[in-house]
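Step one of this worksheet: look at the structure below.
Any value given below was found using the heavy atoms of this structure, including those in side chains, with hydrogens, waters and symmetry copies removed. Throughout, numbering of the chain's residues begins at 1 and tracks the sequence.
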Amino acid sequence: MELQPNPNSPHVAVNIGSSSANETRSPRVGIDRPPIFVLSFTDITYKVNQTKKLSLSSFTKSSKGDSAERPRVRTLLDSVSGEAREGELFAILGASGSGKSTLIDALANRIVRESLNGTICLNGENLESRLLKVLSAYVMQDDLLYPMLTVKETLMYAAEFRLPRSVSKEKKKKRVEELITQLGLEAATNTIIGDEGHRGVSGGERRRVSIGIDIVHDPILLFLDEPTSGLDSTSAFMVVEVLKKIARRGSIVMLSIHQPSYRILNLLDRVLFLSRGQTVFYGPPSSLSMYFAEFGTPIPDNENPTEFALDQIREREATMDGARELVEFNKTWKRQHPDLFSSDRGDTPHIPLDQAIVGSFASGRLVSGSNGTNSMTVASVRKFTNPFWIEMGVLMKRAFTNTNRMPELFMIRLGAVLITGIILATIYWRLDNTPKGVQERMGFFAIAMSTMFYTCADALPVFMQERYIYLRETAHNAYRKSSFVLSNAIVSFPPLILLSIGFALTTFFAVGLDGGMMGFFFYTAIILASFWAGSGFVTFLSGIVSHIIVGYTIVVAILAYYLLFSGFFINRDRIPEYWIWFHYMSLVKYPYQAVMQNEFSDPNKCFVRGTQMFDNTPIEPFNQSTKVEVLASISSSLHMSLTNTTCITTGPDILQRNSVQDLSKWNCLWVTVAWGFFFRFLFFVWLLVGSKNKRK
C-alpha cells in the first residue's frame, strides 16, 4: 500500500513495509489526504476514593461507637469520548476542576490503566504503554528547565537524549536549528533560560522551549497541560500558533486550555468542553453557535464563543443539578448532527498501526526508540533510545555545564568549610601531649567529623529542584534511572575532593595532629570519605522527601543522633544493648574511630607522664612537690619505679579506654566509603519503586 502525501508534506512518498525513503523533508502547510494516525477514546471513566479528613467530630463519633465512614468515591471523568486526528489541534476546555488535566493525563498514560475504564486506541488498535512512550510527548504545565543552559544547549541536550546515536552530530544540530526556527526562538538562541537570580528568556519563550524539548524527536502524539497558563494574550497566541504548525506537520496535538482568546479559538480544529468530568460539548469550534442556538441560549454577536460557553457552564455548576442539562443536550445534539462526527463513526479509513509506524520510521520522521534503520518494526521498538554510556556522558556534560555557570554555589560551600576549619584550628591551636590535650583532640575529632556531614546538607535542594525535570524526562524513557544516579554521583565527586583538601590543610597542621605526611594523607582520605557518605545520605533523603524545610529538619535530627551514638559522648561498651544497633549505623562512628586511630596508634608516644596522672582528680589543685610525694608513695606501695618522667598512658591505651579498636582505621575508611555507595543504591531503588510518573 503506497501513501502519497501532499506535495508540501514533510514526509516523502512511503511504501509501507519497504525501506525506500531517502528524500529530503520539507515543511507542510496542510494535510489534504486521509490522516495516517487517528487517536480515539471511548467512555473514559476515572474514579478515586476520597478519604475524609480527620476532625474533632470524627473522633467524637468514634468515641461513641459509631462505625467509621466509608471513603467517598469521586468521579473525575465520566464516559468521555472523542477523536483526535493527525494534522488537527484538539483542545480540552472547562472551568477549574472540570477534569481537563485529568483527561490529558489519562490519554498520555500518566494514570495507571487499571484505574481507568474505557478504551484508548490509535488507528483502531489498543495503544501499549511502551509504544506510547516512543510515539508521544507530554509537556507539563510548569516550565521545568535548567536555568543556566542556553536555549540552543537545552534543545541540543534533548536531541542527544531522544535521537539515537545512528543520527550524526551534524544532523542533530540541524534538527535543533530547524526546531528553533519552527518555535520562533531565533532571537533567544544563545540566551540562558534564567531563574529568579539570573535574567533569561521571557515567559512565552520559556514555554516554547519546554515544548521544543519534547518535540525534538518529532513525536506523533503531543499532549500539553495548559501550555498558555500564566502567559499574556500575545505570548499565548504565539504558543498555540506554534502548536498549530506542529499539527500541520503531521502530529496529533491535544492540549488543555482554560479560556482561549478569539484568535486562539480560530486556530483550534476540535474542542471538548468538560464540566465535573462530563462532556458538555464536543465538535468543531465553528459549530458552537449552532449548538447554543438550538439549546435556546444563542451566542450574542461579537462575543467570544468559548467565554460564553464557559459562563453558561459556570452558571449551571452553581446549581444543584450542575451542568446535567447541557450534558444530556450534547448527547441528543450529537445524534441529530451525525455529519459533524462522521470520522468518529469510523468512516475515515485507518491505516493499520504497524504499517503506519513502520512508514514513519522509514520516512525518517519518527526516530526516538528506533534502531536507525529502515527495517524498524513495532515489535523492535527499543525502550531506551541510546545505550547506557551515551546517556551517562550527556547527563554529566549537562550537569557540569549548568553547575559551572553558577560558581558562587561552590564558593559559598567552600567558604563555609574553610571558615569552619579556621575556627576549629584557632580554637584547638597546637594541642599538647597532655591529658587535657587528649580530651581536646577527641572533642576536635567529634566536631570535625560531624561537620563533614552537616555541610553536606546543602546538597538537599539539588535533586528536589531537579525532581520534576527528572520525572518529565524519564516519563518517556529519555534515559535510564541508573544513568541518572551514577552521573549524579560522578558529577558531585570532584567538588568533594577540593573541600576535603581545603579542610585538611586548614586543620591538620594547625592543630598539630600526629602521623606526618602519611597521617595527613589518611586524614584527607577519611574526610573525603565522610563527604562522600554524607552526600550519599542527603541525596537519598532528597529522593524521599519532597519539601526542603522538612528535609533539613530530618537531616539535622538524624545527624545529631549519629553524633550521639558515634562513641564520643558514650563509649561503645557503655551503650545499652537495645541501642547498640544505632551505634553501628552511625555514619560519624567510622570516621571518628579512623581519625582517633590515626592520631593515637603510636605506642611510643606518651600522653600522660608522672604527676600528669593526677589531672582531673582531687589531687590536681595541689602544688607540684606534693604531687611528687604522692607519686613516690604510690611507687613505694606498688613496688614500681614511678618518676615524674615515667610514661603512664600511651596512644593505644587511650584507644582501648575509649573502645575504638573494634575496627582498624583502614576498615573504618572502607566502611565509610561503602556507606556512600549504599545510600546511592537506596536512592536508585527509591527512584525505581517510589518515584512514579503516574497517578493511581
Side-chain angles (χ1 to χ4, degrees), residues 109-110 112 129-130 133 144 146 157-158 160-162 369 382-400 402-403 452-453 456-497 528-548 550-552 554-555 558-559 562 584-587 590 670-696:
N109 194 34
R110 294 176 64 85
V112 177
S129 175
R130 186 170 71 96
K133 287 186 176 183
L144 307 170
Y146 284 91
Y157 283 123
E160 295 283 357
F161 286 131
R162 303 307 298 269
R382 296 186 304 191
K383 184 176 182 180
F384 296 100
T385 305
N386 290 295
F388 173 79
W389 61 87
I390 290 182
E391 296 173 352
M392 286 274 294
V394 177
L395 284 167
M396 288 190 294
K397 184 180 178 182
R398 182 176 68 175
F400 275 125
N402 189 63
T403 55
M452 302 303 101
F453 295 96
C456 288
D458 66 337
L460 189 65
V462 174
F463 179 70
M464 289 186 177
Q465 294 171 350
E466 297 178 2
R467 179 192 302 269
Y468 296 105
I469 298 179
Y470 162 83
L471 290 175
R472 185 201 67 210
E473 292 177 336
T474 55
H476 290 83
N477 295 336
Y479 47 79
R480 295 165 179 82
K481 294 178 175 65
S482 56
S483 302
F484 177 81
V485 174
L486 286 177
S487 63
N488 176 274
I490 293 173
V491 169
S492 65
F493 191 71
L496 302 183
I497 298 177
L528 177 58
S530 301
F531 273 125
W532 167 254
S535 64
F537 168 70
V538 173
T539 299
F540 164 64
L541 193 64
S542 69
I544 63 176
V545 178
S546 58
H547 198 283
I548 292 179
V550 175
Y552 276 125
I554 295 175
V555 167
I558 293 180
L559 290 181
Y562 283 160
Y584 289 102
M585 288 186 62
S586 171
L587 295 184
Y590 301 98
W670 301 130
V671 170
T672 306
V673 172
W675 273 117
F677 283 105
F678 176 70
F679 280 117
R680 283 171 173 82
F681 174 74
L682 291 182
F683 179 56
F684 170 67
V685 172
W686 175 258
L687 294 183
L688 285 179
V689 301
S691 183
K692 300 296 184 182
N693 291 294
K694 298 181 181 180
R695 43 176 165 159
K696 297 181 179 180

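- Checked against the 6.0 Å centroid threshold, F683 and W686 do not count as a close aromatic pair.
- Put simply, the side chain of T385 does not reach to within 4.5 Å of the side chain of F161, judged on heavy atoms.
- The one candidate from E391, R162, E473, E160 that meets the side-chain hydrogen bond (donor to acceptor under 3.5 Å, both in side chains) condition with Y479 is E473.
- Side-chain atoms of L528 and I497, non-hydrogen and from C-beta on, do get closer than 4.5 Å to each other.
- The ring-ring contact (aromatic ring centres under 6.0 Å, His included) check on F484 picks up F463, Y470, with sequence neighbours excluded.
- Under the 4.5 Å side-chain criterion, counting only non-hydrogen atoms from C-beta, I544 is in contact with L541.
- Between V394 and Y157, some side-chain heavy-atom pair lies under the 4.5 Å cut-off.
- Looking at R472, its side chain does come within 3.5 Å of a backbone N or O of L144 through a donor-acceptor pair.
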Side chain to side chain contact (heavy atoms under 4.5 Å, CB included) evaluation trace for F400 with V491: CA-CA 7 Å; F400 275 125; V491 169; 3.9 Å; yes

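- Between L486 and F388, some side-chain heavy-atom pair lies under the 4.5 Å cut-off.
- Inter-residue side-chain proximity for T539 and F679 is flagged as unmet; no heavy-atom pair is nearer than 4.5 Å.
- A donor-acceptor pair shorter than 3.5 Å cannot be found between the side chains of R467 and S542.
- Under the 4.0 Å criterion applied to side-chain N and carboxylate O atoms, E466 and R398 are not assigned as salt-bridge partners.
- Contact of the Y590 side chain with the W670 side chain is not registered, since no non-hydrogen atoms from C-beta on lie closer than 4.5 Å.
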